[in-house]
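Every chain is numbered from 1, with letters handed out A, B, ... down the list of sequences. Note that this is a predicted model, so its numbers are computed, not measured.
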2 protein chains.
Amino acid sequence: MTITQLKYVLAVAEYQNFTVASEHCFVTQPTLSMQIQKLEDQLETKIFNRNKKPIQLTEIGEKIVEQAKIIVDESNRINDIVDQQKGFIGGDFKLGIIPTIMPTLLPIFLKSFIKKYPKINLKIEELTTEEIIKKLSDGHIDVAIAATPLENESIKERVLYYEPFVGFIPSEHRLSNIKELDVENLNIDDILLLEDGHCFKENVINLCSTLGSKNQNFQLQSGSFDTLIKLSKEGLGMTLLPYLQTLDLNDNDKKYLKEFKKPAPAREVSLIYHKSHLKIHLIDALKDSIDGLIRGVIAFNNVKIISPLQKKGA
Amino acid sequence: MTITQLKYVLAVAEYQNFTVASEHCFVTQPTLSMQIQKLEDQLETKIFNRNKKPIQLTEIGEKIVEQAKIIVDESNRINDIVDQQKGFIGGDFKLGIIPTIMPTLLPIFLKSFIKKYPKINLKIEELTTEEIIKKLSDGHIDVAIAATPLENESIKERVLYYEPFVGFIPSEHRLSNIKELDVENLNIDDILLLEDGHCFKENVINLCSTLGSKNQNFQLQSGSFDTLIKLSKEGLGMTLLPYLQTLDLNDNDKKYLKEFKKPAPAREVSLIYHKSHLKIHLIDALKDSIDGLIRGVIAFNNVKIISPLQKKGA
DNA sequence: ATAAAGATATTGAAACTATCGATAACAGTT
DNA sequence: AACTGTTATCGATAGTTTCAATATCTTTAT
């Protein structure tokens with residue numbers, strides 16, 4: 001039994017197709033087929049049921065894949081251990097970031113990070129929280145930045161900062177004259193929200209205690225705060241922005257911003273990674289980098305954390 | 001990197017000698033040398049410091065060995081998983097037993113066990129508790145039977161039975177006329193003990209609350225209860241036997257036996273195995289086998305457990 | 001110093017294995 | 001029946017592992 005064979009098994013289990021799996025393993029399909037057959041021979045059991053389309057794991061196969069994941073993970077970690085022991089900070093490092101954090105946070109730390117760690121080959125992907133959780137557990141990304149807490153057992157979280165919500169309230173809006181926003185004033189029905197899939201939308205919904213059923217005479221599907229701001233200025237309602245987003249506004253738009261009364265509602269933004277601690281030293285480096293820079297931009301104190309999780313039931 | 005290479009590394013780390021390690025891996029020394037060099041090349045680090053005699057692990061090597069153990073263990077477990085899933089109970093199964101349990105317990109279950117599980121290739125070794133702990137953690141044995149609790153984090157215990165102590169008191173002894181033994185009556189100075197290394201000796205010492213300093217005018221080094229019994233009958237003192245041992249005595253000797261007042265002091269006898277749960281289904285089978293038979297021989301109730309651990313300090 | 005002993009490293013030939021490209025076999029669809 | 005998408009099989013080849021013999025190195029004794 002070799003680690004290579006186990007990797008092949010994992011690839012087939014993942015892509016449910018020998019040919020596709022072989023491409024991802026950078027070998028030809030016969031090579032992969034043969035190796036899997038050899039492993040099956042040696043274990044004297046079938047791992048895959050090739051009769052079903054798409055291909056399926058046998059009952060024993062399920063268990064073998066589970067165990068193979070452990071072995072492959074643990075063997076990947078050997079390189080990490082050597083690197084860490086040598087004090088070497090480098091190698092491939094795949095980072096996922098949710099869309100509502102990506103454009104504002106990335107400019108703050110990216111340049112400094114790649115300069116400080118030139119040997120890290122950083123690959124950044126914009127992903128939803130849901131995609132992140134999946135890709136973290138199958139090892140397609142090493143770490144991610146998302147709104148927390150996620151309450152997921154297999155994922156570790158390390159808080160980077162708390163980002164307050166800021167109101168964007170057009171001039172004719174009923175709240176435009178008050179001095180400070182209060183959660184009590186909010187009405188979910190006149191707040192413009194991002195499209196489904198963004199956890200920031202869930203944050204806002206959780207913030208508004210009234211579970212009012214979004215009773216608007218229009219449906220909005222936008223993935224960008226820019227659109228929300230434009231629509232808001234057209235008089236279609238107020239909206240809420242994450243603090244970092246407000247720093248990019250032009251001076252005119254900034255006039256419409258209204259802060260919350262302390263403690264301001266905020267989302268928790270964290271580095272999250274798989275509990276197996278793969279590449280933990282790179283994660284440490286990333287956290288240090290962001291920590292050092294974010295302090296100059298955002299205050300940490302006197303906030304009230306709003307969960308990004310979808311409320312169940314209701 | 002292959003699992004074979006990791007096994008070679010573990011062997012060299014264990015035997016601190018390439019030649020000896022190679023024999024245990026059933027390859028020649030050059031083969032093993034080359035594979036380890038290849039691994040070192042690939043990891044770009046030295047695992048062993050070949051300058052020192054005997055050979056030593058480098059700092060990074062220590063970590064690599066630790067991780068390699070995990071990987072090799074987890075990969076060994078794949079076969080177990082397949083076997084278990086198939087319901088196959090068989091394969092090599094190495095069992096260690098401490099000397100004071102071996103001769104009395106083995107005859108009770110061995111015949112029935114090997115008959116019930118003909119495909120298990122059982123290898124039994126007589127070992128001290130200390131040796132057992134070492135061999136469990138390096139995988140030289142799969143399971144063992146010893147007096148517990150051991151309070152060792154990496155070892156799991158599953159109690160088989162509680163074996164009461166029974167006094168063997170010769171006719172001229174000061175206690176020969178009392179009806180039931182009481183711990184209070186014991187005096188460590190007139191109890192004949194096994195030689196050092198037997199945890200039964202520690203059991204007895206822990207039983208005698210008086211920490212009197214074995215103030216005898218002779219030193220005894222015997223590993224067998226037979227010797228103790230003979231010496232006892234010569235008038236050199238009483239002794240204590242584990243219950244199962246008393247069943248083998250001839251009718252004449254049985255007259256000298258004296259039970260303890262309930263709750264009788266007893267030693268806890270358990271199956272112990274490494275927490276990694278390798279071969280757990282074989283361990284289950286063994287436990288079932290012993291459980292079923294021991295109930296007919298020994299009572300479980302109304303005993304007071306005496307620890308086999310050496311008391312620290314004085 | 002030098003020899004001897006005990007260890008690991010190197011070498012070259014032989015055995016073995018993984019890989020590839022080509023192609024066969026098979027199942028499901030049209 | 002032909003087509004498509006898939007996995008299995010085959011033969012050649014390149015690469016790897018292994019072994020036996022031997023070189024080299026280190027330590028210890030003389």
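- Remark: B:K38 is not in phosphate contact with D:dT16, judged by side-chain N or O atoms under 4.0 Å from OP1 or OP2.
- For B:Q56 and C:dT8, the CD to P distance is 13 Å, given to the nearest whole Å.
- Side-chain N or O atoms of A:Q67 include one that pairs as donor or acceptor with a backbone N or O of B:E74 at under 3.5 Å.
- Spacing between atom CG of B:N49 and atom P of D:dT26 amounts to 12 Å, rounded to whole angstrom units.
- Between A:I272 and A:I132, the closest heavy-atom pair is CD1-CG2, 3.7 Å.
- The base of C:dA18 lies outside donor-acceptor range of the side chain of A:Q35, with no N or O pair under 3.5 Å.
- For A:N17, a side-chain nitrogen or oxygen approaches OP1 or OP2 of D:dT6 to under 4.0 Å.
- The residue among B:S33 and A:T4 whose nearest nucleotide of DNA chain C lies closer to the 5′ end is B:S33.
- As judged by a 4.0 angstrom heavy-atom cut-off over every strand, A:Q37 is placed among residues touching the sugar-phosphate backbone only.
- When the P atom of C:dT10 is taken as reference, atom CD1 of B:I36 falls 13 Å away, rounded to whole Å.
- Residue B:E23 contributes atom CD, which lies 15 Å from atom C1' of D:dC19 at whole-angstrom precision.
- When the nearest nucleotides of DNA chain C are assigned to B:F18 and A:T31 by heavy-atom distance, the more 5′-ward of the two goes with B:F18.
- With sequence neighbours excluded, the residues forming a side-chain contact (heavy atoms from CB on, under 4.5 Å) with A:P149 are A:E157, A:E268, A:P308, listed by chain and number.
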All N/O contacts under 3.5 Å from nucleotides 11-16 of chain C to the protein, with atom names and distances to one decimal?
none

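- When the side-chain nitrogen and oxygen atoms of A:R50 are compared with OP1 and OP2 of D:dT6, none of them lie within a distance under 4.0 Å.
- With hydrogens and angles left out, the side chain of B:Q29 and the base of C:dA7 share no donor-acceptor pair within 3.5 Å.
- Considering only side-chain N and O atoms, B:Y8 lies nowhere under 4.0 angstrom from the phosphate OP1 or OP2 of D:dT17.
- In this structure, B:K46 atom NZ and C:dA9 atom P are separated by 7 Å, rounded to whole Å.
- Rounded to an integer number of Å, the gap from A:L39 CG to C:dA18 P is 11 Å.
- Using a distance-only test at 3.5 Å, with no hydrogens or angles considered, a donor-acceptor pair links the side chain of A:Q42 to the main chain of A:M1.
- Per the geometry, CD1 belonging to B:I55 stands 11 Å off C1' belonging to C:dA9, to the nearest Å.
- With hydrogens and angles ignored, the 3.5 Å screen pairs no side-chain donor or acceptor of A:K69 with any backbone N or O of A:D138.
- Under a 3.5 Å cut-off, the side chain of B:E40 and the backbone N or O of B:F48 do form a donor-acceptor pair.
- By the 6.0 Å contact criterion, CD on B:E130 is open, its count of non-hydrogen atoms from other residues, nucleotides or ligands being 12 or less.
- In this structure, the CD atom of A:E40 is 11 Å from the P atom of D:dT9, given to the nearest Å.
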